[in-house]
Number of protein chains: 2
Amino acid sequence: EYKVAFLWYISCNAALAATAAALCAYISPAAAGSGIPEVKAYLNGVDAPSILAPGTLFVKIVGSVLGVSAGFVLGKEGPMVHTGSCVASLLGQGGSTKYGLTWRWLRYFKNDLDRRDLITCGAAAGVTAAFRAPVGGVLFALEEATSWWRSALLWRTFSTTAVAAMVLRSLIEYCRSGNCGLFGNGGLIMFDVSSQVTSYTAMDLAVVALLGVLGGLLGALFNFLLDRILRTYSYINEKGAPWKIVLTVAISLVTSCCSFGLPWMTTCTPCPPEFSASGRCPTIGRSGNFKAFRCPPGQYNAMASIFLNTNDDAIRNLFSGGTYNEFGVSTLLTFFAAVYSLGLVTYGVAVPSGLFIPVILSGASFGRLLGMLFGAPTGLDTGLFALLGAASFLGGTMRMTVSVCVILLELTNDLVLLPLIMLVLLISKTVADCFNKGVYDQIVRMKGLPYLEVHREPCMRSLVAGDVVSGPLITFSTVERVGTVVDTLRRTSHNGFPVIEDQPFAPAPELCGLVLRSHLLVLLQSRTFTSGRVKTGAAEVFRKLAPFDFAKAGSGKGLTVDDMDLTEEEMDMYVDLHPITNRSPYTVVENMSLAKAAVLFRELGLRHMCVVPRTPGRPPVVGILTRHDFMPEYIRGLYPNVLRE
Amino acid sequence: EYKVAFLWYISCNAALAATAAALCAYISPAAAGSGIPEVKAYLNGVDAPSILAPGTLFVKIVGSVLGVSAGFVLGKEGPMVHTGSCVASLLGQGGSTKYGLTWRWLRYFKNDLDRRDLITCGAAAGVTAAFRAPVGGVLFALEEATSWWRSALLWRTFSTTAVAAMVLRSLIEYCRSGNCGLFGNGGLIMFDVSSQVTSYTAMDLAVVALLGVLGGLLGALFNFLLDRILRTYSYINEKGAPWKIVLTVAISLVTSCCSFGLPWMTTCTPCPPEFSASGRCPTIGRSGNFKAFRCPPGQYNAMASIFLNTNDDAIRNLFSGGTYNEFGVSTLLTFFAAVYSLGLVTYGVAVPSGLFIPVILSGASFGRLLGMLFGAPTGLDTGLFALLGAASFLGGTMRMTVSVCVILLELTNDLVLLPLIMLVLLISKTVADCFNKGVYDQIVRMKGLPYLEVHREPCMRSLVAGDVVSGPLITFSTVERVGTVVDTLRRTSHNGFPVIEDQPFAPAPELCGLVLRSHLLVLLQSRTFTSGRVKTGAAEVFRKLAPFDFAKAGSGKGLTVDDMDLTEEEMDMYVDLHPITNRSPYTVVENMSLAKAAVLFRELGLRHMCVVPRTPGRPPVVGILTRHDFMPEYIRGLYPNVLRE
C-alpha cells in the first residue's frame with residue numbers, strides 16, 4: 001500500500017517539477033531562481049531586459065506554485081518579491097504600448113526614478129504578502145533591495161505595505177469563515193510563539209551566542225557551497241532546455257526519495273500522554289504536529305511530522321513550544337543534514353525558488369538540535385531555540401539584520417525575545433562576514449550583472465578618472481548631419497553621446513551637453529530636419545513632439561534605429577540637437593581620483609559621466625564613463641599591477 | 001489639609017522649574033527644548049558649536065530630571081535622544097584635548113563621517129532607552145534624524161540598539177527583584193495592551209479613518225500654534241536669563257494649578273464593582289488606575305487618575321482596556337484641552353522638554369473621547385481608541401510613519417493592531433502634510449539653522465550655479481607667502497579656499513584643488529616654511545607632522561589663527577600648500593543648473609563646491625558654493641522675481 005503511494009508521490013512530484021522546468025526553460029529563463037538578486041540589480045541601475053517582463057511574471061507565478069507543490073525544499077518568498085516587483089513595473093507602464101494596453105496618465109511614471117520607486121514598493125508588498133509582515137516588508141526593501149534611499153521612499157513603501165496588510169487582513173478574515181476551502185488556515189501571525197519566555201540568564205546568553213557563531217559559520221559555508229553548485233549547474237544549463245528539465249526532474253526524484261524514504265525508515269514514537277488524551281496525537285489529517293505515517297494508533301512518526309509535511313507546517317512544528325521530546329536528536333540531525341543539502345542543490349534548478357524556507361528550515365532544526373544538546377541548563381524552550389537558530393542562519397546567509405529581525409518578530413509575535421534575536425543576528429552576521437558576502441550579492445556577481453558596490457575597491461584611490469576612459473570617443477556636433485547620426489547609432493551600441501558646440505555657433509569647441517540614444521531616435525522619427533546647418537530651436541521641435549514623447553519606454557525594446565526609414569535626401573539634411581541635449585551633465589576633471597568619481601557616479605545614480613580635460617587647448621571632452629568602467633574586473637584587466645598593491 | 005498640600009505642590013514645582021531654567025539659562029542655553037531638531041541639523045551638516053558640548057549634556061540630563069519632576073506637561077524622550085547623541089559625540093572624541101581627556105586611538109573617529117555615524121547611533125540608543133524600543137530606535141534614527149543613509153549605518157545603529165536593549169533588559173531584570181527602590185517598575189513593554197482585539201469590521205475602519213483625519217488636522221494646528229508661540233517666546237527669551245526663569249516659573253504655576261485644581265473640581269465617581277471587590281479601587285499609593293484624591297472609599301477621582309499622576313501612568317490609564325466608563329466624556333474633554341494647551345506653552349520654556357509625551361497624552365485622551373462618542377457600534381475597546389488616537393497625533397505633528405508605528409508596536413506589544421495603526425498614521429500624515437511641515441523641521445527652520453532640504457525649491461531650476469556665487473573670491477597660490485595666508489585667515493571667516501597652480505609651476509593658471517582652514521592652521525603651526533618660492537613636497541611636511549595631526553578637532557574650537565605667533569621673518573617666507581591640498585574637489589561648470597548642483601552638494605554631503613568657468617581664457621575658478629548659497633532665503637534675496645515664477 002505504501003509502495004503504491006510512494007510511486008504515486010514520486011511521479012506526481014516529478015511531473016509537476018518537469019512542467020515548472022519546461023515553463024522556465026522555454027518561456028522565460030529569467031523566472032528561474034529567487035528573483036531577489038535580479039530585483040536588487042535592477043534597483044541598482046542594471047536595466048537588463050526580461051527581468052520584469054510580463055512573461056517572467058506569468059512563469060514566476062505558475063512555476064512557483066508548481067515548484068512548491070512538487071515538494072521541493074524551496075520557498076515561495078523570493079518569487080513573491082519578484083512577482084511584486086513585476087506587478088509594480090507592469091502597473092507603472094500599463095501593459096505593452098504595442099498592443100495598446102496602457103493608459104495616457106501612466107506617462108507620469110515613465111521615467112527611471114518613479115519606475116524604481118514603484119518596483120521598490122512592489123518588492124516590499126511581496127515580502128508583506130509572503131510573511132504577513134508589513135513593517136518587515138518596508139525594512140527588507142530598504143535594507144536589501146534598494147540601492148538609493150530617500151525619505152520619500154520610506155513613506156511610499158510604508159503606504160504600499162499598509163494597504164497590502166489591510167487587504168491581507170480582510171482576506172484572512174473572509175477565509176476564516178470557510179469561504180476559501182483549504183486556504184482558510186492561519187491568522188495574521190504565522191508562527192505564534194508568544195509568551196513562552198519571561199526571563200533569561202547569562203547562561204542562556206552564552207548558549208545563544210554559541211548558536212550565533214555556529215549559525216554564522218554554517219551560513220557562510222552555505223553561501224560558499226551554493227556558489228560552487230551554481231557554477232557547476234551553469235555548465236549543465238548551458239547545454240539547452242532539455243538538460244534543464246532533466247536536472248530538475250533528477251533533483252525532484254532525490255527530494256521525493258528523501259522526504260518519503262527517511263520517514264519510512266524512522267521508527268514510531270509513542271505519543272506524549274497529554275496530547276494523546278486530547279486526541280491530538282497522532283494526526284491523520286492534513287497538518288498537525290504528530291503525523292501517523294505508518295504508525296499504529298498512539299504512536300507517531302517524528303520524521304514524517306517535519307519532512308512529509310508542508311514547509312509552513314514543518315516550521316510551525318519546529319517552532320512549537322512545550323514539546324521538548326517530540327523530535328529526537330537523530331531525527332533532527334538527519335532532517336538538518338537532508339534539508340541543508342537539498343536546499344543547496346535545489347536553488348539552481350530551473351524552477352522559481354526562494355531561499356528563505358530552506359534557510360529557516362535548516363536553521364530551525366539546527367537550533368532545536370542545539371537546544372536539546374545544550375539547552376538543559378537554560379530555561380529556554382526548544383521551540384525558542386529553533387526560532388533563534390532560524391535567525392542565526394538567516395543572518396549567516398542573507399546578512400540582513402533589521403529586516404530579518406522585524407520579519408521574525410512579525411512571524412512569531414514574541415516581543416520579549418527581541419533582544420535575543422538581535423544578539424544572534426549580530427553575532428552570526430559578524431562571523432559570516434569574515435568569510436564571504438551575502439548570498440544575494442554573491443548570486444548577482446556570479447550572474448555577471450554590473451552591480452555598483454557601495455565600497456570602492458582600494459585600487460581606485462591610486463587611479464584617476466582619465467585612466468579608465470577607453471575606446472574612441474564618439475561625439476556629435478550641436479547641429480549634425482542626419483546621416484552621421486543614423487550611421488553612428490547603427491555602428492555603436494552606446495546610449496549616451498557628448499554634444500560639442502562648434503563653429504559657427506561657438507568660437508572654439510566646447511561641451512554643450514549629453515544626448516541620449518532614445519531621445520535621438522524620437523527626434524529622428526519626428527523628422528525635424530533642415531537643409532542647412534542652422535539652429536531650429538526648441539519651439540520647432542516641440543511643435544511636433546510633446547515632452548512625454550521622450551518618456552522612457554516601458555517593457556519591450558522601444559524604438560530602435562532599424563525602425564527609421566529615412567530617404568536619401570533626409571539623410572543629407574541636418575538636425576539640431578540643442579533641444580534634446582542635457583545642458584548640465586555631471587562632469588569630472590580627468591585628474592579626479594577614480595574613487596571620488598565612483599562616489600559621485602553611484603550616489604547620484606548616474607548612467608553617463610563626462611570626463612573633461614584639465615588644461616585648455618584640447619578637445620572639450622576626454623571621454624565618457626559608464627557603469628562598466630567602474631567594475632573591479634574591468635579595472636583589474638586594465639591595470640593588473642595597480643590592483644595588486 | 002488639601003490647601004496646604006496644594007501650596008506645597010505648587011511651590012515645590014516652581015522651585016524645581018526655576019532651578020532647571022536657571023541651569024538652562026546660565027550654563028547652556030542649547031540644552032533647552034527637545035534637542036531632536038538640533039541633532040537633526042547636526043546630522044545634516046550644520047556644525048553649530050555647543051549642540052553636543054559636555055556642558056549641554058550635563059544640563060540636558062539634570063534639567064530633564066528637574067523638568068519632569070516639576071510636573072510639566074513634557075517628555076523625557078526628546079532630551080534622551082539629545083543625551084544619547086552628546087554621549088556618542090563625547091565617546092568619539094574623548095573629553096577635551098585641552099585637559100588631556102582623550103585617547104590616542106580615538107583619532108580614527110575624528111572625522112566628519114565617523115562622528116556623524118556615532119551620533120546617529122547615539123540618537124538611536126536614546127530612543128531605545130526612552131521607549132524600550134530597539135527596532136523603533138533604528139528606524140527613528142533613519143527616518144527622522146539622519147540625512148544620509150548608508151547600509152553600513154543601518155547595521156551600526158542596529159548593533160547599538162541591540163546592546164542598549166540587552167543592557168536595559170538586564171537592568172530591568174535586576175530591578176524587578178527590588179534592588180533599585182522606586183525604579184523597579186515596569187517590564188520591557190511599557191504599555192502592554194496585547195490581545196484585546198481579534199477582529200475588526202469595515203465600520204471600525206471608518207471610525208478609525210475619521211480619527212486619522214481629525215488627528216491630522218489637530219496635529220497640523222498644533223504645529224502652527226507652536227510656531228507662533230515659539231516666535232513670541234523668543235522675544236521674551238532674548239531679554240535675558242532672568243526673563244527666561246520668570247517665564248518658566250509662570251508656566252509652572254499655570255501647570256500646577258491645572259493639574260491640582262481640575263481634579264479638585266471634579267466630582268467623585270463610584271468604583272466599578274469588579275474593581276472595588278478586588279481592592280484595586282480606589283488606589284491610595286503612587287500609581288494605579290483609580291486615584292482616591294479627595295474621594296471617600298469606594299469612589300475615585302477620574303481627573304486625578306490621569307492629571308495628578310506621572311505622565312507614564314496617565315498614558316497607561318488611558319490605554320487600559322476593559323474600562324469603558326472609567327473616564328467620563330467631560331473629564332476626557334477637559335483633560336484633552338488642558339494637555340493640548342499646556343503642551344503648546346511648555347515646549348518653548350528654558351527647560352529640556354520633549355514633545356512625545358504631550359502629543360501622546362493629548363492624542364490618547366482625544367482618541368478615547370472619540371471612542372466613547374462613536375465607538376459604541378464598533379467592537380473596539382476605548383483603550384485601543386486611545387492608542388490609535390496617540391498614533392494619529394504623532395503622525396499629525398511629527399510626520400514620522402514607520403518609526404512611530406514600530407515604536408508604538410514595541411510600547412504596546414499588539415501586533416494584531418498593526419494594520420490599523422498603519423492606516424491611522426497614513427491618513428493623519430497625509431492630511432497634516434497639506435497644511436505645514438513636521439514639527440521638528442519647523443523648529444529647525446525657526447532657529448535659522450541652514451538645513452539642506454531634500455526637495456529643491458522649484459526656482460532653482462531656472463537658475464545656474466554661476467548665478468548664486470557671490471562675494472570676492474579668495475584664492476591661494478600653490479606656494480604662497482606666509483603673511484598672505486595669515487592675513488587672509490584673519491580677515492575672513494571662510495573655511496575653504498581654492499588653490500591655483502600658477503607660474504612658475506604651470507604655464508597658465510589652473511585649479512589645483514581646495515585647502516581647508518583647519519589644515520592650513522596645522523601646517524602654519526608646524527612652520528614648514530621656505531625662504532624662496534619652491535615646492536617643498538609632501539615628504540618634508542610629513543616629516544614634521546603625522547596624518548592624524550590634521551584630524552578634525554573634537555569639541556572646543558581647536559586651533560585658531562590667533563594661536564599663531566609667527567615672527568616677521570617667518571611672515572615673509574613661503575609655504576607649499578601642495579601636500580595639504582585636496583586635488584580632487586568636486587566641481588561644477590558655471591552654467592550647470594542650480595537644482596542639479598544642489599543635488600550634487602546634498603547627496604555627497606559636501607561643504608564646499610568649486611564653480612569653474614565654461615569657456616577657457618578666464619580665471620580657473622569662478623567662485624565657491626557653500627551650504628548658505630543653497631538656502632531658499634538667500635536665493636530669494638538675490639532673485640526676488642525668479643522665485644515668484
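Each chain gets a letter, A, B and so on, in the order its sequence line appears, and its residues count up from 1. Below, all heavy atoms of this structure are taken into account, side chains as well, without hydrogens, waters or symmetry copies. In this text the structure is predicted, and so the values were computed from the model without any measurement.
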Which value, rounded to the nearest 0.5 Å, describes the distance between [X] atom [atom1] and [Y] atom [atom2]?
{"X": "A:Leu418", "Y": "B:Arg169", "atom1": "CG", "atom2": "CZ", "result": "10.5 Å"}
{"X": "B:Leu205", "Y": "A:Met166", "atom1": "CG", "atom2": "CE", "result": "4.0 Å"}
{"X": "A:Glu144", "Y": "B:Leu154", "atom1": "CD", "atom2": "CG", "result": "10.5 Å"}

State, with a plain yes or no, whether a side-chain heavy atom of [X] is found less than 4.5 Å away from one of [Y].
{"X": "B:Val138", "Y": "A:Thr401", "answer": "no"}
{"X": "A:Leu139", "Y": "B:Leu139", "answer": "yes"}
{"X": "B:Glu603", "Y": "A:Trp148", "answer": "no"}
{"X": "A:Met422", "Y": "B:Thr161", "answer": "yes"}
{"X": "A:Lys429", "Y": "B:Trp155", "answer": "yes"}

Chain B contact via [X] - which portion, at a heavy-atom distance below 4.5 Å:
{"X": "A:Pro620", "result": "neither"}
{"X": "A:Glu143", "result": "both"}
{"X": "A:Val406", "result": "side chain"}

Contact leader toward chain A among B:Leu420, B:Leu426, B:Thr157, where contacts are heavy-atom pairs under 4.5 Å
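The option with the most such pairs is B:Leu426.
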Under 3.5 Å, is there a donor-acceptor pair between the side chain of A:Tyr586 and the main chain of B:Lys596?
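Answer holds: yes.
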State whether the side chain of B:Ser584 and the backbone N or O of A:Ser593 hold a donor-acceptor pair below 3.5 Å, judged by distance alone.
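Present.
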Which portion of B:Pro507 sits near chain A, non-hydrogen atoms under 4.5 angstrom:
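Contact with chain A: none, neither part.
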